[in-house]
2 protein chains.
Amino acid sequence: MKAKATLKQIAKELNVSVSTVSKALNDSPEISEVTKVKIKEYAKLKNYKPNVIGLNLKNRKTKTIGVIIPNILNSFFAKVFSGIEKVADEKGYNVIMCISNESSEKEAHTLEMLSNGTIDGFIVSVSEEAQKNQDYDHFSAIINDGTPIVMFDRIAEGVDCDKVIVDDFDSALNSTQHLIDLGCKNIALLSSIDNLSVGKLRAEGYLKALEKNNIAVNSNIILRTDAEEDLKEKIEKIFENTIDGIFALEENDSVAALRIALKKGFKVPEDISIIGFADGILASRRLSPSLTTISQHGIEIGEVAAKLLIDRLESKEEHVPYETVVIKTKLKERESTRKL
Amino acid sequence: MKAKATLKQIAKELNVSVSTVSKALNDSPEISEVTKVKIKEYAKLKNYKPNVIGLNLKNRKTKTIGVIIPNILNSFFAKVFSGIEKVADEKGYNVIMCISNESSEKEAHTLEMLSNGTIDGFIVSVSEEAQKNQDYDHFSAIINDGTPIVMFDRIAEGVDCDKVIVDDFDSALNSTQHLIDLGCKNIALLSSIDNLSVGKLRAEGYLKALEKNNIAVNSNIILRTDAEEDLKEKIEKIFENTIDGIFALEENDSVAALRIALKKGFKVPEDISIIGFADGILASRRLSPSLTTISQHGIEIGEVAAKLLIDRLESKEEHVPYETVVIKTKLKERESTRKL
DNA sequence: ATTAACCTTTTAAATGTTTAGAGTATGAAA
DNA sequence: TTTCATACTCTAAACATTTAAAAGGTTAAT
């Protein structure tokens, strides 16, 4: 492990001052051609690369953004991340990634840790715990300290910052309407994410669609929970009622519903049509029958979030107003719904 | 955006020197109780947090590790990453993540970028392109410069560094043997990753099992390719031969094989048994019938890799010999294979 | 009273970089 | 020959931190 070349070492070796070396390497007109050539050649020989930390200290920025997501194994978040990484890379930014594991405390801790110089700004999707407890003070504190945050998907209503969301309400409304248009009279709602802001919005969209079509709400075929356990049992209970349509707010819910429907001998889509939100890539489109899904454009969400953040970081203006970008979802019709 | 508190500002405000403040906050015995209390209180009031970059420059390390993986949408890599993140977090390290997108050039560029002070060490799974071209110089260069690298899964044979691998050869051997034990006489091999080191090793394991059991190699039922396109067509061609077992080297391959088998009217596992390597979480165990898989313990791989790297970073010894840790896979018997 | 010992604080250097400003030499113009 | 501009290089400060070493002051011991 040979010591890395620094300006200081080069300066000493060539009997010039550190600043001469710096200026020569930055091609300053103050330095004579002869000296420049000499220094540049020597630097190349020694494979000199400016030390990033020295630069960071000088510039008081790091060209690094911190991403905090609840869980990388959820492929929606993985997709968003890949969008972030793509844009960050294009603009010369690094990405530090932290997993909150849905813990409010780890979220807060990470914000604290990274905001003291390590990163220039954050992109965050709020942890379940923080959403449940409406515990958003750690975000406000960081923003007040001057570190910008962009939130996506799971956002904190009260916190003033840039946000990127999916049109959860509208797409739930439209999807439910789609089921109604297909002739479904008894549409079950399956939600295992009723603790999340997005879950609530989607459920509201469903209810709105029923209301618009003068369909009475049947609470026997509505499952709104936040527990992972007994999901199967709970869904099976829903099946004890008459249903001809299922609207699932999460990929897990729709996959589980499909399996149960098939097991109970229903024909999909002939007897029951199923539409579900799809976080992921793998499951839904590969099942038989493949699931009609509402795709959430995870990659695009990530790209937009990264652009918002970097634009703010590089803006000369002090007080750019905060933006909320809504990404439109798209209904991907597959085999689990009849054709109109 | 109020300016963040620094030692300098505190020192000025309290009319002491910067070093007094530093020492007081670090609880140095050199400083009197009175002064300590005064400084600590003021620092707390101003919410002083030491600037990490200043520290990094001083300590010449950043407590940050760089992870370079080919693709975060592949859930095997997502799993490994979550293992890395977990250990890193426990030991107080941050993780910068970069996606190589299977590009050798981006891989090299990332190594270059980050190795000049930003990170203390790397964890890498080699890009497809680099593996194809045996283009590993960028790794050696970084290691020579004194930045440690730990490679996992897709490793570079010639490069001297810590490695974490799965026992690809042995597990392919054992899985094929398992199919043979089940009575399969004509076991097809499906590989769409024949360009990767792991793909080659697994194929060799398959061949070795046939050899051991004196089963002639039938090249008509062996598919070794590195192209994603026409995978379905290629697999369908394999089905034109007599087969009663399928050994798939990648999740995609096994899922595709299952669908095709079912479509062609085969009963699984009665007519054909299927075993596949499983990178992911979602697909295989949810299909009907669910797939028997070789699970790769992605999270454990990540944990071990992170431990290896951090141990090396924090070791006082200069020349700790490099290690190669082999993680044992496990056959998860599900519905796509008969019971013995 | 002198000195040693001690306690507390400050100075200065170090990490690697940039850059404003000062300094020096050379050549030309007056 | 003096002066001035020009061309080049160097000094020093800045970013935020730590720490060895020096310095200042008090107390106690000889």
Side-chain angles (χ1 to χ4, degrees), chain A residues 3-40 42-43 46-64 113-120 145-147, chain B residues 3-40 42-43 46-64 113-120 145-147:
Chain A
K4 274 170 190 148
T6 66
L7 293 184
K8 207 179 182 183
Q9 282 160 12
I10 297 178
K12 195 169 167 191
E13 203 64 41
L14 298 183
N15 272 314
V16 291
S17 76
V18 171
S19 71
T20 304
V21 180
S22 172
K23 285 175 179 168
L25 293 175
N26 288 317
D27 230 354
S28 157
E30 287 177 65
I31 306 296
S32 71
E33 268 317 307
V34 207
T35 319
K36 268 191 207 170
V37 170
K38 186 178 69 179
I39 291 176
K40 280 182 181 172
Y42 188 81
K46 291 286 174 181
N47 193 28
Y48 169 79
K49 296 269 155 46
N51 177 302
V52 182
I53 302 188
L55 282 173
N56 288 346
L57 186 57
K58 189 101 243 286
N59 301 331
R60 291 144 106 232
K61 58 182 186 184
T62 60
K63 285 223 153 199
T64 301
M113 286 289 299
L114 297 182
S115 63
N116 292 107
T118 308
I119 54 86
D120 297 341
D145 272 4
T147 304
Chain B
K4 274 171 191 151
T6 66
L7 293 184
K8 206 180 182 184
Q9 281 160 13
I10 297 178
K12 195 169 167 193
E13 204 64 42
L14 299 183
N15 272 313
V16 290
S17 76
V18 171
S19 72
T20 304
V21 180
S22 172
K23 285 174 180 169
L25 293 175
N26 288 317
D27 230 352
S28 157
E30 287 178 62
I31 306 296
S32 70
E33 268 316 307
V34 207
T35 318
K36 267 191 206 169
V37 170
K38 186 179 68 179
I39 291 176
K40 279 182 181 171
Y42 189 81
K46 291 286 174 182
N47 193 28
Y48 170 79
K49 296 270 155 44
N51 177 301
V52 182
I53 302 189
L55 282 173
N56 288 345
L57 185 57
K58 188 99 245 285
N59 301 333
R60 289 141 108 232
K61 59 182 184 182
T62 59
K63 285 223 155 199
T64 301
M113 286 289 298
L114 296 182
S115 63
N116 292 107
T118 308
I119 54 86
D120 297 340
D145 272 4
T147 304

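Note that these values count all heavy atoms, side chains included, but never hydrogens, waters or copies made by symmetry. Numbers restart at 1 for each chain; the letters A, B, ... are given by sequence-line order, proteins then strands.
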Checking the side chain of B:T62 only, and the main-chain atoms of B:T118 only, is there a donor and an acceptor separated by less than 3.5 Å? yes
Grab the N/O contacts between the protein and nucleotides 26-28 of chain D below 3.5 Å, and write none if there aren't any.
none

Between atom CG in A:L25 and atom P in C:dT19, what is the gap in whole Å? 13 Å
Heavy-atom side-chain proximity of A:D145 to B:N47 below 4.5 angstrom: yes
Nearest-Å distance, CG (A:L57) to C1' (C:dA14)? 13 Å
Any heavy-atom pair between the side chains of A:L7 and A:L25 that's under 4.5 Å? yes
Value for OG1 (B:T20) from CD1 (B:I31), rounded to nearest 0.5 Å, stands at 5.0 Å
Heavy-atom side-chain proximity of B:K4 to A:T147 below 4.5 angstrom: yes
Side chain of B:S17 only, heavy atoms from C-beta on: which candidate in C:dT11, D:dT17, D:dT11 is closest? C:dT11
Straight-line distance of B:S17 OG to B:K23 NZ, nearest 0.5 Å: 7.5 Å
Assuming nearest nucleotide by heavy-atom distance, tell me which of A:V18 and B:N59 is located more 5' along DNA chain C. B:N59
NZ of B:K8 versus C1' of C:dT10: gap in Å, rounded? 16 Å
Output the single nucleotide from D:dT17, C:dT19, C:dT9 whose closest atom is nearest the side chain of B:T20. C:dT9
Got a donor-acceptor pair under 3.5 Å from the side chain of A:K58 to the base of C:dT17? no
Given atom CD1 of B:I31 and atom P of D:dT18, what is their separation to the nearest angstrom? 12 Å
In whole angstroms, how far is the C1' atom of D:dC10 from the CG atom of A:L7? 15 Å
Using a 4.0 Å heavy-atom cut-off, does B:V52 contact any base of the nucleic acid, only the sugar-phosphate backbone, or nothing at all? nothing
Touch check for A:S22, heavy atoms < 4.0 angstrom, all strands: base, sugar-phosphate only, or nothing? base
With sequence neighbours left out, what residues match B:K36 under salt bridge (Lys or Arg N to Asp or Glu O under 4.0 Å)? B:D27, B:E33
Hey, could you give me the OG1/CD distance between A:T6 and A:Q9, rounded to the nearest 0.5 Å? 3.5 Å
Test side-chain contact (heavy atoms from CB on, under 4.5 Å) applied to B:K46 - qualifying residues, sequence neighbours left out: B:A5, B:Y42
Is B:N51 reaching over with its side chain to a backbone N or O of B:I53, donor-acceptor style, under 3.5 angstrom? yes
Please write out each protein N/O paired with an N/O of nucleotides 21-23 of chain D under 3.5 Å, distance rounded to 0.1 Å.
residue : atom : partner : partner atom : Å
D:dA21  : N6   : B:K23   : NZ           : 3.4

Which angle, rounded to 10°, do you find between the first-five-pair axis and the last-five-pair axis of the helix from C:dA1-D:dT30 to C:dA30-D:dT1? 100°
The criterion is salt bridge (Lys or Arg N to Asp or Glu O under 4.0 Å); which residues satisfy it with B:K61, sequence neighbours excluded? none
Checking all strands, does A:S32 fall into the base, sugar-phosphate, or nothing category for heavy-atom contacts under 4.0 angstrom? sugar-phosphate
B:P50 and A:N116: which non-hydrogen atoms are nearest, and at how many Å? O-CB, 3.8 Å
With a non-hydrogen cut-off below 4.0 angstrom, is A:T35 in contact with a base, only sugar-phosphate, or nothing? sugar-phosphate
Would you say the side chain of A:S19 and the base of D:dT11 hold a donor-acceptor pair, judged only by whether the two atoms sit under 3.5 Å apart? yes
B:R60 has its side chain closest, among C:dT18, C:dG16, D:dT17, to C:dG16
Gap between atoms CG and P, on B:N51 and C:dT17 respectively (whole Å): 18 Å
Distance, rounded to the nearest Å, where B:L55 contributes CG and D:dT19 contributes C1': 13 Å
Work out which heavy atom in A:I39 is nearest to a heavy atom in A:A24; give both atom names and the distance. CD1-CB, 3.6 Å
Base, sugar-phosphate, or nothing for B:I53, non-hydrogen atoms under 4.0 angstrom? nothing
B:N26 CG to D:dT19 P, straight-line distance once rounded to whole Å: 7 Å
